[in-house]
Protein chains: 2
Amino acid sequence: MFSPTEENYLKAIYLLTEKDSARAVATNELSAQMNTRAASVTDMLKRLADKRLIHYKKYKGVMLTTSGKSQALAIVRKHRLWEYFLVEKLKFQWDEVHAVAEELEHVKSEALIDKLDSYLNNPKFDPHGDPIPDRLGKLSASGFKNLTSLKVNEKGKVAAVIEQQPAFLKHLDKLHIHMSTPLKVIEHIAFDKSMTISINQTATVNISHEVAKNILITK
Amino acid sequence: MFSPTEENYLKAIYLLTEKDSARAVATNELSAQMNTRAASVTDMLKRLADKRLIHYKKYKGVMLTTSGKSQALAIVRKHRLWEYFLVEKLKFQWDEVHAVAEELEHVKSEALIDKLDSYLNNPKFDPHGDPIPDRLGKLSASGFKNLTSLKVNEKGKVAAVIEQQPAFLKHLDKLHIHMSTPLKVIEHIAFDKSMTISINQTATVNISHEVAKNILITK
DNA sequence: ATTTTATTTTAGACTAATCTAAATATTATT
DNA sequence: AATAATATTTAGATTAGTCTAAAATAAAAT
Ligand SMILES: [Mn+2]
Ligand SMILES: [Mn+2]
Ligand SMILES: [Mn+2]
Ligand SMILES: [Mn+2]
């Protein structure tokens, strides 16, 4: 149906507007996300517009059409299901799966992804806590809170990470912070916005604001 | 390293010479196998020769170099491991897996294929009885016999199929002939070379020479 | 309201992979 | 050995996706 490149552009537009789907995406934003030059983006935007996957007006940025969004959700679904498979079944680390899923997501087979979904027991969240769209593109509401918003003595479990670069994920590994790890806030340090937390009821450590703000928590 | 297209050509050359690796493959043979025109094949052969993956002399056909053969084996390994995964874990039918594996085989990750291999307990044969090369490209010897070569009253189990078109595989399904199904020869009919066989100690049927010669048997 | 800066688009070029039509080489047939 | 038939290669085009450099537009600063 669509080429891997077209799929990657659609996914990139979707991910940039995941929080605010009414907003337009700028050419330079996309060129940063895709590691291509702005001129290449403009070319591709014309092609995606011809295929009615995006709304595009010169110089005005771009938004997904209904059809484009549903395509994008299908790719995100595949990406996240494959990530789940790689971690749960093949025992990859959570910092290793993104690059591989980036290729697997382009394999064209409805049957494959539906059977994979069943085989994995229809998981709702991927190894980074991101929601996995169902066959119809529907996302589970997560209602996670940012770690920085917890008060002293409040507890919770790690539910998702915002930043997902391997360097950040490996840093969390070193702190023994993983998906579902229980955390408790010991102190907020006003000076640098850092936090002291207890991890898994054992270690007590200080983490920077930069780290804390990239961790989402559930009960 | 190599594009999916280059990989497909290498695999095609390998498969055409799997029985007799000393033999040269003709341009038209490849164009038939790849569903492209002869002119496209010639173009690609030049590129593969530049990369030292094949020995190519104009009008003289083509053979894999050592490097080309080891590349081809790596792709065949991926293809057959994915087929095994699709049948054993995702419950695909044996006539449905080839097309999907044709895409999965191009995913670039050593770790992925090694972990998949372990996860599947290092299978030696794919769902069609074809040997799965190991990490080093080594193939298990199979020693299967052609069903047509069995004498009356000789028994054996289905070990592999030569023809692998979905139409043929579905025909075998209808006869309840699958991998490992026990067969016994009841009679050879000289007139049309057809055979009467018992399937799974229950049904007794007559199968054409065309069918019989595409079934391989083990003890 | 100009001018400067930043963003985006256009123009033109390149590579991989394909095609058709024409030219050339090889093989088979008389 | 000459001719006919078949196989292969070359020539020239096309499309997707990319790039750099230049031109055009929009936004920010004076
Ligand atoms: Mn991708
Ligand atoms: Mn993820
Ligand atoms: Mn393939
Ligand atoms: Mn197979």
Side-chain angles (χ1 to χ4, degrees), chain A residues 1-17 23-64 68 71-72 75 99 102-103 105-108, chain B residues 1-14 16-17 23-64 67-68 71-72 75 99 102-103 105-108:
Chain A
M1 199 64 162
F2 301 107
S3 73
T5 308
E6 290 170 325
E7 291 186 345
N8 285 335
Y9 273 94
L10 289 174
K11 183 160 63 93
I13 297 166
Y14 173 79
L15 293 175
L16 288 168
T17 55
R23 146 183 179 247
V25 174
T27 301
N28 269 353
E29 253 184 299
L30 263 176
S31 87
Q33 180 90 359
M34 299 291 302
N35 283 301
T36 54
R37 297 319 188 101
S40 310
V41 172
T42 301
D43 269 9
M44 179 56 83
L45 293 184
K46 285 179 195 162
R47 267 176 278 154
L48 294 177
D50 284 349
K51 297 186 177 184
R52 317 264 154 210
L53 294 164
I54 57 171
H55 297 293
Y56 172 57
K57 285 254 166 63
K58 270 195 203 178
Y59 295 100
K60 295 300 173 190
V62 69
M63 277 174 59
L64 293 172
Q71 280 298 326
I75 302 153
E102 200 56 52
E103 294 190 54
E105 70 191 358
H106 304 294
V107 174
K108 300 271 186 297
Chain B
M1 198 66 161
F2 301 106
S3 73
T5 308
E6 290 170 324
E7 291 186 344
N8 285 335
Y9 273 92
L10 288 175
K11 182 160 63 93
I13 297 167
Y14 173 79
L16 287 169
T17 55
R23 144 182 183 249
V25 174
T27 302
N28 269 352
E29 252 184 299
L30 264 175
S31 87
Q33 180 91 359
M34 301 290 302
N35 283 302
T36 55
R37 296 319 186 107
S40 311
V41 172
T42 301
D43 269 10
M44 179 56 82
L45 293 183
K46 286 179 195 161
R47 268 177 279 153
L48 295 177
D50 285 349
K51 296 185 177 184
R52 317 264 153 208
L53 294 165
I54 57 171
H55 297 293
Y56 172 56
K57 285 253 167 63
K58 269 194 204 177
Y59 295 100
K60 296 299 174 191
V62 69
M63 278 173 58
L64 293 172
S67 153
Q71 281 298 325
I75 302 153
E102 201 55 53
E103 293 190 54
E105 71 191 358
H106 303 294
V107 175
K108 299 272 186 296

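Chain letters run A, B, ... following the sequence lines, proteins first and then strands; every chain starts at 1.
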Quiz item: Checking side-chain contact (heavy atoms from CB on, under 4.5 Å) for the pair Lys108(A)/Glu7(A): CA distance, chi angles, key distance, verdict?
Solution: CA-CA 11 Å; Lys108(A) 300 271 186 297; Glu7(A) 291 186 345; 3.0 Å; yes
Practice problem: Might you confirm whether atom CZ of Arg52(A) has over 12 heavy atoms from other residues, nucleotides or ligands at distances under 6.0 Å? | Solution: no
Self-check item: salt bridge (charged side-chain N to carboxylate O under 4.0 Å, His left out) partner of Glu6(A), the single match among Lys11(A), Arg47(A), Lys51(A)
Solution: Lys51(A)
Quiz item: Any side-chain heavy-atom pair from Asn8(B) and His106(B) closer than 4.5 angstrom?
Solution: yes
Self-check item: Whole-Å distance separating the CG atom of Leu30(A) from the P atom of dT8(C)
Solution: 10 Å
Quiz item: Any side-chain heavy-atom pair from Tyr56(B) and Leu48(B) closer than 4.5 angstrom?
Solution: no
Exercise. Please report the C-alpha distance between Leu45(A) and Leu30(A) in whole Å, then the side-chain angles of each, then the deciding distance to 0.1 Å, and finally whether the side-chain contact (heavy atoms from CB on, under 4.5 Å) criterion is met.
Key: CA-CA 10 Å; Leu45(A) 293 184; Leu30(A) 263 176; 3.9 Å; yes
Quiz prompt | Asn28(A) side chain near dT8(C) phosphate (N/O to OP1/OP2, under 4.0 Å) | solution = yes
Exercise. Please determine if a side-chain N or O atom of Lys60(A) lies less than 4.0 Å away from the OP1 or OP2 oxygen of dT25(D).
Key: no
Quiz prompt | Thr5(B) side chain near Tyr9(B) side chain, heavy-atom distance below 4.5 Å | solution = yes
Quiz item: Over how many whole Å does the gap from Lys51(A) atom NZ to dT15(D) atom P extend?
Solution: 13 Å
Self-check item: Bend angle of the helix from dA1(C)-dT30(D) to dT30(C)-dA1(D), from helix axes over five pairs at each end, nearest 10°
Solution: 10°
Quiz prompt | dT9(D) OP1/OP2 closer than 4.0 Å to side-chain N/O of Thr27(B) | solution = yes
Practice problem: Round to the nearest Å and state the distance from Leu10(B) atom CG to dA17(C) atom P. | Solution: 11 Å
Quiz prompt | Nearest to side-chain heavy atoms of Tyr59(B), which nucleotide of dT9(D), dT18(D), dT10(C) | solution = dT9(D)
Quiz prompt | dT10(D) phosphate, OP1 or OP2, under 4.0 Å from Lys58(B) side-chain N/O | solution = yes
Practice problem: Would you mind reporting whether Phe2(A) and Leu53(A) have side-chain heavy atoms less than 4.5 Å apart? | Solution: yes
Quiz item: Is there a side-chain polar atom (N or O) of Ser3(B) under 4.0 Å from OP1 or OP2 of dA17(C)?
Solution: yes
Quiz item: Which of residues 38-49 of chain A have a heavy atom under 4.0 Å from DNA chain C?
Solution: Ala38(A), Ala39(A), Thr42(A), Lys46(A)
Quiz item: Taking only N and O in the side chain of Tyr56(B), is any of them less than 4.0 Å away from OP1 or OP2 of dT9(D)?
Solution: yes
Quiz prompt | Distance in angstrom units between Lys57(A) NZ and dA26(D) C1', rounded | solution = 17 Å
Quiz item: Side-chain contact, heavy-atom cut-off 4.5 Å: Lys58(B) with Thr42(B)?
Solution: no
Quiz item: Do the side-chain N or O atoms of Arg37(B) get closer than 4.0 angstrom to the phosphate oxygens (OP1, OP2) of dT18(C)?
Solution: no
Exercise. Would you please confirm or rule out a distance under 4.0 Å between OP1 or OP2 of dT18(C) and any side-chain N or O of Tyr9(B)?
Key: yes
Quiz item: When we call it a touch if two heavy atoms are under 4.0 Å apart, what does Phe2(A) touch: a base, just sugar-phosphate, or nothing?
Solution: nothing
